[in-house]
2 protein chains.
Amino acid sequence: MTATDTTAEVLALLERGRALTTPALRTAVGKLAAPMNTVAAYHFGWIDATGRPADGDGGKAVRPALAILSAEAAGAPAEAGVPGAVAVELVHNFSLLHDDLMDGDEQRRHRDTVWKVHGPAQAILVGDALFALALDTVLDGSAPGSAMARAARRLANASRALIDGQAQDITFESRERVTVAECLEMEGNKTGALLACSASIGAVLGGADDRTADGLESYGHHLGLAFQAVDDLLGVWGDPASTGKQTWSDLRRRKKSLPVVAALAAENPAAERLAALLTADAKKPAEEFQDFDEAEFATRAALIEEAGGRRWTADEARRRRDAAVHALDGLDIPPAVRRRFTALADFIITRRH
Amino acid sequence: MTATDTTAEVLALLERGRALTTPALRTAVGKLAAPMNTVAAYHFGWIDATGRPADGDGGKAVRPALAILSAEAAGAPAEAGVPGAVAVELVHNFSLLHDDLMDGDEQRRHRDTVWKVHGPAQAILVGDALFALALDTVLDGSAPGSAMARAARRLANASRALIDGQAQDITFESRERVTVAECLEMEGNKTGALLACSASIGAVLGGADDRTADGLESYGHHLGLAFQAVDDLLGVWGDPASTGKQTWSDLRRRKKSLPVVAALAAENPAAERLAALLTADAKKPAEEFQDFDEAEFATRAALIEEAGGRRWTADEARRRRDAAVHALDGLDIPPAVRRRFTALADFIITRRH
């Protein structure tokens, strides 16, 4: 297949995931008591801040697409994966609501975040509600009780990892140095675990055994790390027109992302100059730092690149893409499904936003 | 049995619940990534704010005692209820962590609340972690998969109700009037649902059928409403030396609790005078209102009593105690267990803190 074919196939896959998941997601969210249903609808982009219907950007929806593909991997119909798809999307959005508040982020998907529009209490409450709804959704399906218990347990475990990852991320902010291994562990928790759950939960609901589910989970874990490596690259060198974020977005936030920690771990003059700059940066008050002009951030980005942090992260994305695809080896899954998992991995490492 | 016998039996029951649950609860909390494990240990009263071991007040622990009794109601050993006991205690404490932050409450169990000591981000994060841990605990036991799925579903449903109740409670704050029915619905969600889950989850894990579990759930729901009615009485007339709260605690917070809404619903002169006072109070800034002298609050409390709000709430507590005990009629549970459920209901409506 050409790259264009791959992209077209993946876009169709994501679109199908959205089409299958959105109605069930809307039904689930509609069960929330007022005003949480409205706040959640705003968060998902279904209405604007004044309550008028909107056609907002609900995100890439990689997780629901994976959950549905996961059911098909087990030989079950796509529909068998829908409760899992809704559940992982709910957990993902629960974490966004809480993380945006904890991190003080004011923008998400080109709009004001929930805590900014509806206040911190609603961000906490609706996040909690989406999390509870996720477990309810996965346990309230038509699959056998033991399959639902296994699926819910994977979801609860992934949620715990997600929360651990956010705890590590917050801790790293106040630390001067973070190792590459620590950064990868944090990203494995914060991004890998829920993609791992997405890639396996549909199969569990569709009747797969633990060996197949574990293989799919491993695929999703590596896919998540590839996804995050690309995210970290876009966080420094992404085009604001594509990403919807500011230039040098992660540098402005002094985030110890993969390109930064990999650059600092290198033993070369650029790494030393970068370390000296970042140590001085860390002492500056946040306002002063964010008001740096573009050239200051460009200097830091150039040093990260010169030290090797950009290349290391790009290589890491490819290594993880390969590890994801290899995790499927020996699993008894339909060839068309395997091809789609591979296409998704290829798409994720070449995306621009 | 005399009232003294009942109290002794219930205190022994609560103590046994604590003894069976605490080791498993500590093991579960110990799994959290740093610094969440420390923050949670502070919240549970196991360490003080400086990290030194403490022997803090972990609360009455009614929920774990109920969950264990619930397993015995199904003819299972007490130990079969322990994962359920740990899970309901984790959900309860998840909600305390988040509610204290949303409500701006600075004190809990005679100590500074978590958000006050460790900051809002840790209160959000550790609350989330306890919730995830609760589901993990109930799904990670030795009961059959289908029993664990049913138990987890009851827990997820109770958690949703708990969150709905908190949403309603927050909404009521900004409303001028709340009906008795609305107040009862909110309290049924905020307090009834998790006690209902506590009273049934052990039985589900212990192999009970849905009919038995539903009967126990109904017992717990009414017990929760009795518990909350007494809480609302103590919130106005409780002795600070027993409750650890300020005098007229709920009046200082202008809380639309059961005695207040019941008084306002009465058609008598005291209700009219109370309504006029509370309408004027609602317009005052919070600082000015909290600085009222004792006599001002005593006047409001006397009007609530004169209008009939105190008696109505005390009667409601007794009605709910009776409904709880009657919900057990026709269930096939051991006589000793039934007697303990009854003793617990009697204890709850006579408690002083």
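Residue numbering restarts at 1 for every chain, and letters A, B, ... go by the order of the sequence lines.
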Engineer: Who wins among A:Asn189, A:Ile124, A:Ile170 for the most heavy-atom pairs under 4.5 Å with chain B?
Structural biologist: A:Ile124

Engineer: Below 30° counts as parallel, above 60° as perpendicular, anything between as tilted: where do the rings of A:His98 and A:Phe94 land?
Structural biologist: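 Rings of A:His98 and A:Phe94: perpendicular, over 60°.
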
Engineer: Both conditions, 6.0 Å and 45 degrees, for the charged tip of A:Arg254 above the ring of A:Phe289: are they met here?
Structural biologist: yes

Engineer: If you count heavy-atom pairs within less than 4.5 Å of chain A, which of B:Met36, B:Met148, B:Gln166, B:Met102 leads?
Structural biologist: B:Met102

Engineer: What part of A:Leu162 gets within 4.5 angstrom of chain B, counting heavy atoms only: side chain, backbone, both, or neither?
Structural biologist: neither

Engineer: Check this for me, if you would: do A:Lys116 and A:Glu106 make a salt bridge, where the nitrogen-to-carboxylate-oxygen distance has to be below 4.0 angstrom?
Structural biologist: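 Result for this pair is yes, salt bridge flagged.
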
Engineer: Does a side-chain N-to-carboxylate-O contact under 4.0 Å join B:Asp250 and B:Lys256?
Structural biologist: no

Engineer: Which residue out of A:Val138, A:Asp99, A:Leu133, A:Thr171 racks up the most heavy-atom pairs below 4.5 Å with chain B?
Structural biologist: A:Leu133

Engineer: May I ask you to say whether A:Asp103 pairs ionically with A:Lys255, meaning some side-chain N is under 4.0 Å from a carboxylate O?
Structural biologist: no

Engineer: With a 4.5 angstrom heavy-atom cut-off, could you sort out which part of B:Leu101 is near chain A: side chain, backbone, both or neither?
Structural biologist: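 Only the side chain of B:Leu101 comes within 4.5 Å of chain A.
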
Engineer: Name the option with the most non-hydrogen atom pairs under 4.5 Å to chain A; the candidates are B:Ser95, B:Ala129, B:Ala134, B:Ala132.
Structural biologist: B:Ala132

